[in-house]
Amino acid sequence: MNLGFKSRMIIVFLLSLGTYWNVYHCDFVFDDHMAIRRNLDVDTSRTTWTSLWSHDFWGKDLKAVDSHKSWRPLTILSFRIDHYFFEFNASYYHVTNSILHALVSVGVLPFCFYLFHFDNKKNILDQATMASILFAVHPVHVEAVVGTVGRADILCAGFSMLAFVLHRKGFPLSSILILILATLCKDTGITLIVVLAAQNVLSSVSSEV
């Protein structure tokens, strides 16, 4: 594949968008209704921009006994921005999800390249490209992209990969800040601390060998 980085990233982006073109006219489904339609924190006409910081993913007060305790304010903020421009027109929420997934898929290419380039293999860029293409079109991601609530997974994945690359490139403070953003998108982002710690251990071991 005699293509540059940018050309490969454009191909991955377009393939990802093309994979999900048929969801752009779909309505909200399943948990979308509770997390978006019935969530007052998404409705810009009924709550303030600060309310989402004290409520869980479903719009309940975090102090409430029946709260899910899933604090994902940045994901809700993205829904709120969608509502600000498009109210509850589900098509635009799906468009946003597909674009975000396409961007994350593109990010897989440099992520894999910088993760394995130390092997000095000539075809590492081709392998990274195939990995990003598989990530873009793999059916395991359908639920996260088509179900609007899956945006939490998409955003968390994107920030997590960025944090990993920054940490590997020698920017620990920046990686921690991005890790926090990943956690604010979905709670499981906090587990990236273990990954970064393991990366430190493995790097120190490999340098001693």
Side-chain angles (χ1 to χ4, degrees), residues 6 8-49 51-53 55-60 68 70-111 129-163 178 181-189:
K6 290 184 178 179
R8 294 165 185 263
M9 294 169 84
I10 291 172
I11 290 172
V12 173
F13 185 82
L14 293 177
L15 280 174
S16 180
L17 288 182
T19 301
Y20 292 98
W21 71 269
N22 59 334
V23 305
Y24 298 157
H25 299 294
C26 293
D27 202 348
F28 293 119
V29 295
F30 307 119
D31 290 341
D32 294 346
H33 294 287
M34 185 177 293
I36 299 173
R37 279 195 183 279
R38 302 171 192 168
N39 191 342
L40 296 181
D41 292 330
V42 174
D43 194 335
T44 55
S45 65
R46 302 180 66 180
T47 56
T48 64
W49 291 86
S51 63
L52 56 91
W53 297 97
H55 296 162
D56 65 19
F57 187 59
W58 311 102
K60 289 190 175 183
H68 191 268
S70 53
W71 193 54
R72 305 168 186 175
L74 288 189
T75 302
I76 296 298
L77 178 61
S78 72
F79 292 149
R80 193 174 176 91
I81 293 173
D82 281 345
H83 181 273
Y84 180 81
F85 291 104
F86 312 113
E87 296 187 346
F88 288 117
N89 188 328
S91 294
Y92 293 101
Y93 291 75
H94 289 301
V95 169
T96 302
N97 263 32
S98 62
I99 290 175
L100 289 172
H101 174 67
L103 291 173
V104 173
S105 299
V106 167
V108 172
L109 201 161
F111 172 75
T129 302
M130 288 305 302
S132 61
I133 290 175
L134 285 173
F135 186 94
V137 304
H138 201 288
V140 74
H141 298 132
V142 169
E143 183 179 0
V145 181
V146 178
T148 313
V149 293
R151 188 177 302 179
D153 298 283
I154 299 172
L155 290 172
C156 183
F159 282 125
S160 295
M161 284 194 298
L162 179 58
I178 300 299
L181 293 180
T183 306
L184 292 177
C185 293
K186 188 171 184 178
D187 330 49
T188 51

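Of the possible polar contacts, one joining the T75 side chain to the C185 backbone as a donor-acceptor pair under 3.5 Å is found. Distance alone, capped at 3.5 Å, places no donor-acceptor pair between the H83 side chain and the R37 backbone. Distance alone, capped at 3.5 Å, places no donor-acceptor pair between the H25 side chain and the S91 backbone. Of the possible donor and acceptor atoms, one in the side chain of T47 sits under 3.5 Å from a partner among the backbone N and O of L40. Of the possible polar contacts, one joining the S132 side chain to the T129 backbone as a donor-acceptor pair under 3.5 Å is found. Judged purely by atom type and a 3.5 angstrom limit, W49 has no side-chain atom pairing as donor or acceptor with the backbone of T44. A donor-acceptor contact shorter than 3.5 Å is absent between the side chain of D56 and the backbone of S70. When atom types are taken as modelled, the side chain of D32 and the backbone of V29 share a donor-acceptor pair closer than 3.5 angstrom.
In this pair, F88 and Y93 present their aromatic rings parallel. The plane angle is below 30°, not in the 30 to 60° band. In this structure, Y20 and H101 have perpendicular ring planes: the angle between them is above 60°, well past the 30° mark.
Contact check for T96 versus I99: no side-chain heavy atoms found under the 4.5 Å cut-off. Contact of the I36 side chain with the T148 side chain is registered, since non-hydrogen atoms from C-beta on lie closer than 4.5 Å. Looking at V104 and H141, their side chains never come closer than 4.5 Å, going by heavy atoms from C-beta outward. With contacts defined as side-chain heavy-atom distances shorter than 4.5 Å, the pair V149/F57 qualifies. Two residues are said to be in side-chain contact when any heavy atoms from C-beta on lie closer than 4.5 Å; I81 and F85 meet this criterion. Within the 4.5 Å cutoff, side-chain heavy atoms of N39 are placed close to those of I76.
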**Worked check of side-chain contact (heavy atoms from CB on, under 4.5 Å) between C26 and V146** = CA-CA 9 Å; C26 293; V146 178; 5.5 Å; no

**Item:** Test side-chain contact (heavy atoms from CB on, under 4.5 Å) applied to W58 and D31, step by step
**Value:** CA-CA 9 Å; W58 311 102; D31 290 341; 3.8 Å; yes

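When all heavy atoms of L155 and S78 are compared, the pair lying nearest together is CD1-OG, 4.3 Å. Summarising the geometry of S16 relative to A102, their closest heavy-atom pair is OG-CA, 3.3 Å, with the distance given to 0.1 Å. For the pair C156 and T188, the tightest heavy-atom approach, listed with the atom from each and the gap, is SG-OG1, 4.4 Å. Among all heavy-atom pairs drawn from H94 and D27, the shortest one is NE2-O, 3.1 Å. The minimum heavy-atom distance linking F159 with I178 is given by the pair O-CG2, 3.0 Å. When all heavy atoms of L109 and R8 are compared, the closest pair comes out as CD1-CB, 3.6 Å.
Looking only at atom types and distance, the side chain of D41 has a donor-acceptor partner in the side chain of S51 under 3.5 Å away.
With rounding to the nearest 0.5 Å, the separation of CE in M161 from CZ in F135 is 5.5 Å. Expressed to the nearest 0.5 Å, how far CD of E87 lies from CG of D82 amounts to 12.0 Å.
Counting non-hydrogen atoms of other residues, nucleotides and ligands closer than 6.0 Å to OH of Y84 gives a total of 12 or fewer. Other residues, nucleotides and ligands contribute at most 12 non-hydrogen atoms within 6.0 Å of the OH atom of Y92.
The pair D153-K186 meets the salt-bridge criterion, with a side-chain N (NZ, NE, NH1 or NH2) lying under 4.0 Å from an Asp/Glu carboxylate O. Between D187 and R72, at least one side-chain N (NZ, or NE/NH1/NH2) sits under 4.0 Å from a carboxylate O, which counts as a salt bridge.
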